[in-house]
Amino acid sequence: MDTTIKITDLSKNFGSKQALKNISLDIDQGMFGLLGPNGAGKTTLMKIISTLLKKSSGEVIVCGIPVEKSSEIRGLIGYLPQDFSMYGNMNAYEALDYLATLSGMKKSERKTKVPELLEKVNLLEQRKTKVKAMSGGMKRRLGIAQSMIHDPKVIIVDEPTAGLDPEERVRFRNLLCEIAKDRIVLLSTHIVGDIEATCEEIAVLNQGEIVFRGTVRELLKLVENKVYTLEISTSELDMMKERYLVTGILTSGSLTKVKLISDEKPLESATLCAADVEDAYMYLMKQQEVK
Amino acid sequence: MFGTLFVKECKQVMRSLIYIIYLLIMIVFLVGQMGETQVIKEPKPDQDYYGVKESTDEKIIMGNALASLVQEITYESFATYPTGFYKAVILNQEELDQLKSIVEDCTGKSWNQIREEEIAFFEQFGDGVEESIQAGNSYIVLPSDNLEYSDFKLKMQQVCDIIGRGSNYEEENYEKGAKELMTYEDAMNEFHGICETDGITGAYMRMFCDYAGILLAIMPIFLGVTRCARDRRSNVEGVIFSKKASSSVIILSRYLANITMMFLPIVIIALIMQTSYCYQASTLGVTPHYLAFVSYSVMWLLPEIMFVTAVAFLLSEVFNWIVAVVVQMFYGVAALMGSSGLQDITGLNLIPRWNTVGKTEAFFANVNQLYFNRLFYTLLAIGAIILTIIWYGYKRRGGGLYGKKH
């Protein structure tokens, strides 16, 4: 079975609002990042792939199966929604076992897979902890465990790190990278750091359209030799923000160190520096605004 | 998958607070009500009172209706059920005088004379509960000899015009409610019916079903809506919708688990109660019907649980739990109020009534109507749950009453 997602001319309308506008996208095995601001259409796209929303037009084929065949697709995908939760009175083991049953797993399979997955997401010791007593990070780890429990070909993860503390976020990213070895993990986020740390292939979605599709390296190329740092007087900061796309500010007394993006050297004192994905993303979004 | 899910759903129901409340209410109510039930005894020839039986004798029908009217005029309050719910009607003096005049016309006696006879009659009885019931059942105001039944009907129509809709003086109500005192022979016939046809236990189980049926028109609503609302409240709809299990497996496992968990305690309570009735049967030298507890429960109560739960599921999924509770509470109370008497298994009322131990012959004369009633609600339940499955499938693809729901 081919492990790909092929999206062709996909549109989704909610009444008069067009949430997705003729999107075409091919996604291959491995981690794939879907980046975009809130309201860009990321969740809508993920829900269509997960069969939780009907498309208005276009074609979505997951591992060779059209998304209209929802029961077949549901067996192939694992979905972690943005605000994953489970029944509060169930403990971690029961919750995972219940969702494994809904995924069609037999008792013998569940008996080995449930503890295995709990261990993988570092919840084995807390297997008897009730869901209502879990922290946000623990719930998210339980969520990723349930999305993998039936060994799906595609895992769809919607904003998985939102609200997590830095330590939990790093742990979660590492976990995603581990599980992406032999499947597609489609990660949607508006947190650029998540993409930078985990994905090679990405797409940037804005206002229902794909505004970038390529590798992280190609995204970085957009701002190659365009990112500068310089030290200015704090009073000049507003002026700099009006003229340039400022992506970093570090104020120390009357002096402020800024990081900005400019096609030309902004000031004599400015020095070129290495760009990161956040700079490239900001630059891309700014270009979209101008358009 | 279905069996495992079913077991898991049963466990979920068992752990819920609402289920504990359901069990407590059922046990307290049924034990309390059935504990007060009369003990079946063989009638003795010298008894003062053997109870009452339904009557089709026109004199008795007229006498019963007039007795009821005299008592309501005395208390200046008239029970009516205009929309199925009880409403006490209070009349002004002019209207009361008109009613008194109608009674006088029907009996050929003055109102004062009728009142004196009423007081004298009730003074013969003591203040105890049983004596009061006996007095109430025995009191009759006989019409004058020259009052034709057709004239009586016209007089009652005038009474209805004064009191309003849903009173005891509508033809259907006074004809159905007419009772006359049983003789020793009547009582013995009934006793033999209870022993031979019901094996004692059957008679008690009908009474049990009557009481349980009242609660089961309401209580399953709460368990049903709680199950459906739990997904939304716990925010698990999205993740469950994305799973491989079909909508029919998800909904049916939940539905059947709810029904099983509600029905099982009923059967167990019935079985426990039946043991004492079996003992009672043995003391009377009667072979009890050992399976009465399960046969009556399955035939009478299971369809009610199925229907109420299915509608709770449907309304909760399509609208929300508030709509389900409000609509079904209204329907349940209306069904209870709408019962035309304490022994009525005819028609399509959700709550058939048989609030008596015995009346075996009358019960079995109409039992086919009860079977039809229960079959009707079973089919409605199946229809409602099929609609729920279809709607759930629609919701899983992003559908909803108000557009996108998850």
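By convention in this document, chain letters (A, B, ...) are assigned in the order of the sequence lines, proteins followed by strands, and residues within each chain are numbered from 1.
Judged purely by atom type and a 3.5 angstrom limit, D83(A) has no side-chain atom pairing as donor or acceptor with the backbone of N235(B).
No more than 12 heavy-atom neighbours from other residues, nucleotides or ligands sit within 6.0 angstrom of NZ on K54(A). A 6.0 Å sphere centred on CD of E119(A) holds no more than 12 heavy atoms belonging to other residues, nucleotides or ligands. Remark: Q29(A) CD is packed, more than 12 non-hydrogen atoms of other residues, nucleotides or ligands lying under 6.0 Å away.
For the pair V239(B) and Y79(A), the minimum side-chain heavy-atom distance is 4.5 Å or more. Here the side chains of R397(B) and T51(A) are in contact, with some heavy-atom distance below 4.5 Å. Between R396(B) and L52(A) the shortest side-chain heavy-atom distance does not fall below 4.5 Å. Looking at heavy atoms from C-beta onward, Y98(A) lies in side-chain contact with I240(B) at the 4.5 angstrom threshold. Residues D231(B) and Y87(A) have side chains in contact (heavy-atom distance under 4.5 Å, counting atoms from C-beta outward). Using a 4.5 Å heavy-atom cutoff, the side chains of D97(A) and K8(B) are in contact. M1(B) is not listed as a side-chain neighbour of K106(A), based on a closest heavy-atom distance of 4.5 Å or more.
Atom OG1 in T101(A) sits 12.5 Å away from atom NZ in K244(B) (nearest 0.5 Å). Separating the CG atom in L102(A) from the CG atom in L5(B) is a distance of 5.0 Å, to the nearest 0.5 Å.
Comparing S253(B), S242(B), S246(B) by how many heavy-atom pairs each has under 4.5 Å with chain A, the most go to S242(B). With chain A as partner, the option from R233(B), R15(B), K11(B) having the largest number of non-hydrogen pairs under 4.5 angstrom is R15(B).
The contact between S71(A) and chain B is made entirely by backbone atoms, counting heavy-atom distances below 4.5 Å. For R230(B), the parts lying under 4.5 angstrom from a heavy atom of chain A are both the backbone and the side chain. For E72(A), no part lies under 4.5 angstrom from a heavy atom of chain B.
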Legend entry - K243(B) and L99(A): CA distance, side-chain angles, deciding distance, side chain to side chain contact (heavy atoms under 4.5 Å, CB included) verdict: CA-CA 8 Å; K243(B) 295 295 174 192; L99(A) 293 171; 4.1 Å; yes

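Minimum heavy-atom separation, S234(B) to G88(A): OG-N, 4.4 Å.
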